[in-house]
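Only one structure is covered here, and it is reproduced in the block below.
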Number of protein chains: 2
Amino acid sequence: MRGIVNTPCSHCPLRDVAIFKQQQKRELQLIESLRGDQIVRPMGAVLIAEGAAQTALYTLFAGWAFRYKTLTDGRRQILNFLLPGDFIGLQQKVADGATHGVEALTEVWLCPFPRDAVWELHRQAPELGYDITWLAAHEESLVDNNLLSVGRRSAKERLATLLMLLFKRAAALLPPEQRQRVPFPLTQQHMADALGLSLAHTHRTLRELERLGLHHIEDGLLSLPNPRALARVADVWGDGVPPERPLI
Amino acid sequence: MRGIVNTPCSHCPLRDVAIFKQQQKRELQLIESLRGDQIVRPMGAVLIAEGAAQTALYTLFAGWAFRYKTLTDGRRQILNFLLPGDFIGLQQKVADGATHGVEALTEVWLCPFPRDAVWELHRQAPELGYDITWLAAHEESLVDNNLLSVGRRSAKERLATLLMLLFKRAAALLPPEQRQRVPFPLTQQHMADALGLSLAHTHRTLRELERLGLHHIEDGLLSLPNPRALARVADVWGDGVPPERPLI
DNA sequence: CGAAATGTTGACTATATTCAAGGCAAGTGG
DNA sequence: CCACTTGCCTTGAATATAGTCAACATTTCG
């Protein structure tokens, strides 16, 4: 993957993935008219700097990223991970500047929108405005889950929960036949920072889960040999089909 | 406070508080037309049960509440606290049911809205749709902050942060001359559950902060004798005037 | 090939939890 | 008015979970 590709939104391959709801033609045209040329950024790039004043908006088209906050002495907390289809930059609207940073976990492809696109979408298409509210509320529910983990789960339970939920999200983006092993670009440091653990303890706990046959990571791919048992450790439920989600 | 009072939105006393932005007459009328009769619920009441299927929407008119999640063995994590002006129930839209509970921390007064009000507001008044997105993003930023605390701050720093931020929010709702001592209805158990600490440790840490002259709680009122020092412990910055916020 | 990032491991320490008791104040019912 | 309950706060001792520090191994990549 390199260079710039500008697939029109009406032919966007992401939109064919089952978890995304179909947009009406009018709405799709509006999105396309606001969208700028796709951008590619390398692994590790800071997409939005913590504290940046004016930042752009993006839909993550390909690759993974994460939102994070840091304390002045460098301690870092990852808030949640961003996968293709996630919308980046909503938060800036509420605080005159970014209260968190966003960093690319892999090479990422972004569909940029001007800063006032959030307002334009609301104004010109209530349906899309509603979709944006939906995305904001959905991202909050991810953070809620992480907070529950970090606040009340043991290290083992936290890792189990993280692996479980990321596996589900990653799998949902793949064709059914490829869902045994899903892309998993996190380092142990990322997991530690997401779960509020030290690197050493994350490593030990991860090894324990692997010894129990609950997960396996190899070549950047994650597989869960015994999802039931892992879900039991994680205390994570809700097997139902996740609701369709909007894609801006 | 008892009985039912139905101040029309156009004469709502909350709207006179400086932190809330003024709504246009048309928007105000729409809000008023969707709103039901105000409801009073006692301290401790469950406003939204965890896992409830269909839940109402409310604007918190008076009193405090909190959002929480629990694990099956009873461990509880408080996600964030709700103060007058906060909107309750947005999350339900994204998951077909509540993924978290909401409980009243004091007696609360609620302005109820029908379940489809979120959509109606978007459809009939883009400006209000935008406001709802704003509220969702803003609540997420509160959760982000708590996650940073719970994941990466020490017990002492966590308590300092919680006291600092709640003090600011509570003070902003009061007339300037009453901002020395603000209402603070949390028990130590609430603080423990919000910060991912045990009750015993929360107590010990709280005593230490008090001994250092960093806070004082008496008769349900919180005062911060040395806000600068407390902010330093908390590693919390941003003194600027907080942006005006919408009130639905 | 060498440098840098990531993963691995052990020994030691610290922060925070658990468990167990008891105190105090407010409310309730006889 | 008093006994009793209930909820919240307080405290100490023992324990456990997770962090820190310090190496070293392995992989990746220019």
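None of these values were measured; they are calculated from a predicted model. Just so it is clear, the values below take in all heavy atoms, side chains as well, and ignore hydrogens, waters and symmetry mates. Lettering follows sequence order; numbering is per chain, from 1.
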Completion exercise
Heavy-atom contacts, protein to nucleotides 7-21 of chain D, under 4.0 Å, summarised as B (base), S (sugar-phosphate only) or - (none) per nt, yield -SSSBBB----BBB-
Fill in the blank from the handout: Residue set satisfying side chain to side chain contact (heavy atoms under 4.5 Å, CB included) with B:R228, at least two apart, ordered chain then number -> B:N226, B:R232
Problem - Distance in Å, A:R67 CZ paired with A:K69 NZ, rounded so as to fall on 0.5 Å steps - result: 8.5 Å
Fill in the blank from the handout: Rounded to whole Å, CZ of A:F184 lies from P of C:dG7 at a distance of 10 Å
Handout entry: salt_bridge(B:K156, B:E208) N-O dist < 4.0 Å
Key = yes
Practice task
For B:H216 and B:E210, test the side chains for any donor-to-acceptor distance below 3.5 angstrom and give the result as yes or no.
Solution key: yes
Exercise for the section: From the options A:I78, A:L199, A:T202, select the one residue that forms a side-chain contact (heavy atoms from CB on, under 4.5 Å) with A:Q189. Expected result: A:L199
Problem - Atom pair distance, as rounded to whole Å: CG in A:D219 and C1' in C:dG7 - result: 15 Å
Practice task
Hey, could you give me each pair passing ring-ring contact (aromatic ring centres under 6.0 Å, His included) that has a residue in residues 43-79 of chain A? Not counting sequence neighbours.
Solution key: A:F66-A:Y68, A:F66-A:H190
Problem - Atom pair distance, as rounded to whole Å: CZ in A:R211 and P in C:dT8 - result: 14 Å
Problem - Separation of C:dT17 C1' from B:D193 CG (nearest whole Å) - result: 14 Å
Problem - Nucleotide C:dT6, atom C1' - distance to CG of A:L206 in whole Å - result: 13 Å
Handout entry: Selection residues 72-84 of chain B - residue pairs positive for salt bridge (Lys or Arg N to Asp or Glu O under 4.0 Å), sequence neighbours left out
Key = A:E157-B:R75, B:D73-B:R75, B:R76-B:E103, B:R76-B:D193
Practice task
Using whole Å, report how far CD1 of A:I217 lies from C1' of C:dT8.
Solution key: 15 Å
Practice task
Give the angle between the helix axes at the two ends of the helix from C:dC1-D:dG30 to C:dG30-D:dC1, taking five base pairs at each end and rounding to 10°.
Solution key: 40°
Handout entry: Inter- and intrachain pairs under salt bridge (Lys or Arg N to Asp or Glu O under 4.0 Å), touching residues 165-182 of chain A, at least two apart
Key = A:D86-A:R169
Exercise for the section: Send over the distance from A:E157 CD to C:dT17 P, rounded to a whole Å. Expected result: 14 Å
